[in-house]
Amino acid sequence: MSRYEPHAIEPKWQAVWDADQTFTAVRDPARPKYYVLEMFPYPSGRIHMGHVRNYTMGDVVARYKAAQGFSVLHPMGWDAFGMPAENAAMERGGHPKEWTYSNIADMRAQMKPLGLSIDWSREFATCDPEYYGQQQSMFIDMMAAGLVYRKAAVVNWDPVDMTVLANEQVIDGKGWRSNAPVERRELTQWFFKISDYSAELLAALDGLTNWPEKVRLMQANWIGKSRGLQFAFATSGAPAGFDQLEVYTTRPDTLLGASFAAISPDHPLAKHLERHDPAVAAFVADCRRGGTTEEAMEKAEKRGFDTGIRVLHPLDATVALPVYIANFVLMDYGTGAIFGCPAHDQRDFDFATKYGLAIPAVFVADGGDDVPLTEAFVPMKSERVRYIRNFAGADIQTGDAAVTAAIAHCESRGIGRGVINYRLRDWGISRQRYWGCPIPVIHCDTCGVVPEARENLPVRLPDDVTFDIPGNPLDRHPTWRQCKCPNCGADARRETDTMDTFVDSSWYYARFTAPHSQTPTNAEDAAYWMNVDQYIGGVEHAILHLLYSRFFARAMHATGHLPAAAIEPFNALFTQGMVTHETYSTPHPDAADRPVWRAPDEVIRTATGASLVDGTPVTVGPIIKMSKSKKNVVDPMNIIAAFGADTARWFVMSDSPPERDVEWTASGAEATHKHLSRVWTLCDRIGSMPEGHQGTGDADLARATARAVHEVTQGIEGFAFNKAIAKLYEFTNTLSKANASTGAMKQAIRTLAQLMQPMTPHIAESIWAYQGGAGLCAKAPWPVADPALLIADTVTLPIQINGKRRAEISVPADMPASQIEKLALADQDVIKFLAGAPVKKIIVVPGRIINVVI
RNA sequence: GCCCGCGUGGUGAAAUGGUAGACACAUGAGACUUAAAAUCUCCCGAUCGCAAGGUCGUGCCGGUUCAAGUCCGGCCGCGGGCACCA
């Protein structure tokens with residue numbers, strides 16, 4: 001062995017693993033399986049440090065589990081559909097397909113040098129027709145199972161680009177590309193019936209005990225279960241067919257505070273009135289202007305239109321309430337109609353104030369008076385209230401009990417019923433885009449909307465499209481739309497919407513179990529490999545991707561593509577933190593408030609400050625997620641070129657716990673490289689020890705080795721890679737100072753190589769081979785610590801007097817507490833501190849501590 | 001507004017209720033060198049002290065306990081998620 005040269009050893013071992021097919025996943029019924037998956041990347045063309053961290057984590061788990069004897073599946077693929085490819089085509093010309101596949105080739109080439117234990121034979125991209133064809137086939141199955149439907153839905157419409165925009169693409173109410181004011185437009189869209197599964201998706205969260213609590217909570221909030229009363233107002237003056245108005249409320253206890261009713265502009269009654277009354281039409285049209293984004297909603301002033309219709313209060317038929325069309329009432333929650341209780345709901349209060357409606361209070365703060373309100377009184381959890389218009393029971397004080405009593409009371413009087421409502425809405429998957437999976441349906445004038453025939457799948461995207469004009473290229477393609485109805489054979493038109501790319505990523509984990517199957521999945525492979533045992537990715541996917549995947553697994557089970565055991569596809573989830581870096585900037589020559597961002601490799605960083613090469617002072621800014629816009633990115637390729645993959649892998653796993661953000665620093669990367677060099681030198685030194693060398697430290701070294709094995713194993717098992725690495729530092733330091741026999745030293749460094757292998761596989765293989773390890777380190781069984789060696793024979797116990805540490809004694813580990821007590825009280829320091837004071841109590845925690853209380 | 005999480009040295013961080021700061025980064029001192037780099041060694045929470053050692057110290061205030069970074073209550077600060085959801 002000479003110097004540590006990662007560039008020599010890393011490609012060498014990668015070639016060895018390739019030739020050996022070390023990481024090819026094999027369905028082996030004799031062994032337990034382990035499926036580890038990292039969220040697959042979008043092929044932007046460059047890998048970044050976040051990828052390195054994510055895939056290294058997965059790789060540590062995969063390599064560790066393989067060493068434990070599991071049959072491991074660790075695949076990689078590409079989430080390859082989506083808008084960036086179309087944007088690139090619009091900006092630079094070219095074709096999304098070429099752009100995407102060339103990016104995939106680039107990124108694969110950047111990932112391979114990391115030495116990840118991936119089974120590349122299972123690789124696919126979601127834009128492969130072999131993949132999206134299977135997706136189309138499942139779409140048709142889901143249609144047959146009643147899980148797909150079409151309905152008109154309101155979308156953000158960019159009138160210049162003639163396209164639907166996602167909410168994120170609407171900035172200040174304008175299209176991000178066209179800068180044109182976005183309109184709300186009603187389009188007929190395809191939906192998945194995820195809401196059928198609301199209750200189940202919520203209830204099953206309880207079983208996901210190996211998911212972060214935070215993610216489960218976010219999903220629960222997203223599904224948004226609420227309990228309330230649904231009842232019908234009797235109307236007067238309403239058009240025929242609208243003699244009842246259904247409303248939903250979570251606060252039936254405030255029913256006596258009703259002063260108006262309001263319906264959504266999209267409510268059937270509003271739509272009916274719109275057709276007959278130009279004033280209503282104008283108001284409703286006005287409501288529809290403006291985007292559907294959060295900001296647009298928040299800024300929108302509450303506005304209403306009095307329809308002239310009245311409803312009778314269900315508890316007091318002498319009270320008639322006006323019915324408004326109101327812009328703040330949502331059609332797709334509850335019934336699209338509400339009763340307004342201004343005294344106890346801020347929105348209703350604002351509305352009532354604006355339109356001069358009554359504000360009758362139902363309750364007041366306990367001890368308070370029924371005085372006119374200046375804002376809605378919404379009691380906090382801790383506040384007690386006194387009902388002044390209580391209809392349901394005598395001494396109801398808390399919200400929940402009041403609601404329960406109110407529901408029971410109303411039900412007993414025949415007014416409505418208690419219902420459970422969910423916030424979760426059906427999943428709209430239509431996108432008016434080219435670069436996505438075509439929705440495999442056909443519009444026929446006689447048969448209506450029918451699924452494409454199976455034998456015609458995949459419905460392929462046409463290659464001859466252009467992006468020089470706005471709109472969906474599939475819409476204006478000269479021939480692609482034309483087809484025959486699979487039902488009657490008449491001329492028909494293809495659907496030109498494509499699917500949301502979240503559909504693609506909702507089942508890729510299942511496809512990895514049989515990536516070349518002629519059906520979406522293969523029963524034996526799915527049964528063997530599912531579920532994903534460990535899923536790893538960013539917390540930004542905590543809601544949508546993971547919820548859609550949970551729904552999709554259920555839908556795949558319902559349509560016979562996954563076993564019942566796989567309806568929760570991810571047994572364990574880990575959400576890793578981001579890779580961050582300092583930001584650097586210099587003043588802008590013209591605009592002082594606008595900094596010029598500087599990349600780390602332009603900046604010379606010292607302990608006290610930073611400057612450019614020419615001496616220009618640089619402002620060191622906050623440590624934030626690496627991003628192109630702030631230029632605070634370090635290209636993994638540069639790090640690999642400078643120090644090798646093992647250094648990059650070790651560094652991203654050390655110091656910070658994996659769920660937290662990790663800051664990339666140049667000094668840290670260098671220090672990691674130095675450490676690996678020291679390990680290399682140590683290996684060299686041990687390798688050149690004379691054969692029969694004897695030392696006095698064999699027993700100590702054996703104990704240190706056992707402890708290292710134990711603690712590194714625990715660290716990896718518990719996703720505490722930073723702690724595992726700290727133990728490896730400790731063990732390396734111990735080993736380099738040890739005075740033991742040649743055989744013991746060699747044994748210890750082979751174990752060190754094995755323990756390092758999940759993190760730094762290349763240097764581990766080199767050490768393993770050099771020190772006479774059998775076969776590949778990657779395939780060697782994980783070391784097991786001898787439990788006898790983990791127990792120390794003597795322990796040092798601190799002695800506290802009244803909780804303050806004053807002395808310590810060393811005793812045999814198995815000494816009984818009574819004897820430790822005597823020894824402690826006989827200790828010179830203890831006697832000095834007691835100064836003759838009587839001992840009230842003495843606590844001996846064996847192996848831990850002694851506390852003397854005086 | 002609602003729901004969650006987090007506050008420990010100059011820095012990243014450790015710590016089944018039981019010796020706070022393991023491990024590492026940075027800084028400083030030293031060895032080697034003509035010199036530098038590389039490498040190696042040592043110090044490294046604050047404060048008093050020549051030292052031995054003492055006192056204080058995990059955002060702030062209080063509580064439980066023989067013992068609290070850890071448990072409980074109340075503040076302050078930071079971060080995340082959701083949000084006209086009736």
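Quick caveat, the model's predicted, so the values are computed rather than measured. Excluded from the calculations below are hydrogen atoms, water molecules and symmetry mates; all remaining heavy atoms, backbone and side chain alike, are included. Labels below follow one simple rule: chain letters A, B, ... track the order of the sequence lines, proteins then strands, and each chain is numbered from 1.
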Taking atom types as they are modelled, would you say the side chain of [X] forms a donor-acceptor pair with the base of [N] within the 3.5 Å cutoff?
| X | N | value |
| --- | --- | --- |
| A:Arg678 | B:rC40 | no |
| A:Lys302 | B:rC84 | yes |
| A:Arg806 | B:rU19 | no |

From the set [options], return the single nucleotide nearest to any side-chain atom of [X].
| X | options | value |
| --- | --- | --- |
| A:Ile338 | B:rC66, B:rA14, B:rA86 | B:rA86 |
| A:Arg805 | B:rG18, B:rU19, B:rC23 | B:rU19 |
| A:Ser667 | B:rA26, B:rC23, B:rG18 | B:rA26 |
| A:Arg425 | B:rG18, B:rC85, B:rC25 | B:rC85 |
| A:Tyr729 | B:rC84, B:rA24, B:rA67 | B:rA24 |

Just to be sure I understand the rule, does [X] reach a base, reach only the sugar-phosphate, or reach nothing, if contact means heavy atoms closer than 4.0 Å?
| X | answer |
| --- | --- |
| A:Tyr248 | base |
| A:Val247 | nothing |
| A:Val853 | sugar-phosphate |
| A:Leu217 | sugar-phosphate |
| A:Asn733 | sugar-phosphate |
| A:Phe651 | nothing |
| A:Lys727 | nothing |
| A:Asn722 | sugar-phosphate |
| A:Lys674 | sugar-phosphate |

Rounded to whole angstrom, note down the [atom1] distance from [N] over to [M].
| N | M | atom1 | result |
| --- | --- | --- | --- |
| B:rC32 | B:rC42 | C1' | 15 Å |
| B:rG7 | B:rC60 | C1' | 11 Å |
| B:rA15 | B:rU8 | P | 15 Å |
| B:rA26 | B:rC44 | C1' | 11 Å |
| B:rG12 | B:rC4 | P | 28 Å |
| B:rG54 | B:rU34 | C1' | 48 Å |
| B:rC2 | B:rC56 | C1' | 41 Å |
| B:rG17 | B:rG28 | C1' | 38 Å |

In this structure, how many angstroms lie between the [atom2] atom of [N] and the [atom1] atom of [X], rounded?
| X | N | atom1 | atom2 | value |
| --- | --- | --- | --- | --- |
| A:Ile407 | B:rA86 | CD1 | P | 13 Å |
| A:Trp664 | B:rC25 | CH2 | C1' | 14 Å |
| A:Ile842 | B:rG18 | CD1 | C1' | 14 Å |
| A:Met218 | B:rC3 | CE | C1' | 11 Å |
| A:Trp211 | B:rC4 | CH2 | C1' | 17 Å |

Suppose we call two aromatic rings close when their centres sit under 6.0 Å apart. Are [X] and [Y] close by that rule?
| X | Y | value |
| --- | --- | --- |
| A:His673 | A:Phe651 | no |
| A:Phe191 | A:Trp427 | no |
| A:Phe305 | A:Tyr324 | no |
| A:Phe231 | A:Phe233 | yes |

- Task: Kindly label the base of B:rG9 as syn or anti, based on whether its glycosidic torsion lies within 90° of 0.
- Result: syn
- Message: Both A:Asn221 and A:Lys737 contact RNA chain B. Which one's nearest nucleotide lies toward the 5' end?
- Response: A:Asn221
- Item | Pairwise 5' ranking along RNA chain B for A:Lys804 and A:Tyr333, keeping only the more 5' one | A:Lys804
Hey, can you pull the donor-acceptor pairs under 3.5 Å for the side chains in residues 713-729 of chain A, sequence neighbours left out?
from: A:Thr713; atom 1: OG1; to: A:Val709; atom 2: O; distance (Å): 2.5
from: A:Thr713; atom 1: OG1; to: A:Trp782; atom 2: NE1; distance (Å): 3.0
from: A:Glu717; atom 1: OE2; to: A:Tyr64; atom 2: OH; distance (Å): 2.6
from: A:Tyr729; atom 1: OH; to: A:Trp650; atom 2: NE1; distance (Å): 3.3

- Item | For A:Trp211, ring pair (Phe, Tyr, Trp, His ring centres under 6.0 Å) partners two or more places apart | none
Please name the nucleotide paired to [N] by Watson-Crick or G-U wobble geometry with both distances under 3.5 Å, or report none.
| N | answer |
| --- | --- |
| B:rC71 | B:rG63 |
| B:rC23 | B:rG12 |
| B:rG7 | B:rC76 |
| B:rU33 | none |
| B:rU55 | B:rA46 |

- Phosphate OP1/OP2 of B:rC66 contacted by A:Lys841 side-chain N/O (<4.0 Å): yes
- Query: Is A:Arg423 near enough to B:rA83 that one of its side-chain N or O atoms lies under 4.0 angstrom from OP1 or OP2?
  - Reply: yes
So, are [X] and [Y] salt-bridged, with charged N and O less than 4.0 Å apart?
| X | Y | value |
| --- | --- | --- |
| A:Asp332 | A:Arg425 | yes |
| A:Glu582 | A:Arg605 | yes |
| A:Arg303 | A:Asp286 | yes |
| A:Asp700 | A:Arg703 | yes |

- Query: Taking the inter-plane angle between the rings of A:His344 and A:Phe377 on a 0 to 90° scale, is it parallel (under 30°), tilted (30 to 60°) or perpendicular (over 60°)?
  - Reply: perpendicular
Check the interface with nucleotides 9-12 of chain B: list each N/O to N/O pair with the protein under 3.5 Å, or write none.
from: B:rG12; atom 1: O2'; to: A:Ser656; atom 2: OG; distance (Å): 2.9
from: B:rG12; atom 1: N2; to: A:Asp655; atom 2: OD1; distance (Å): 2.9

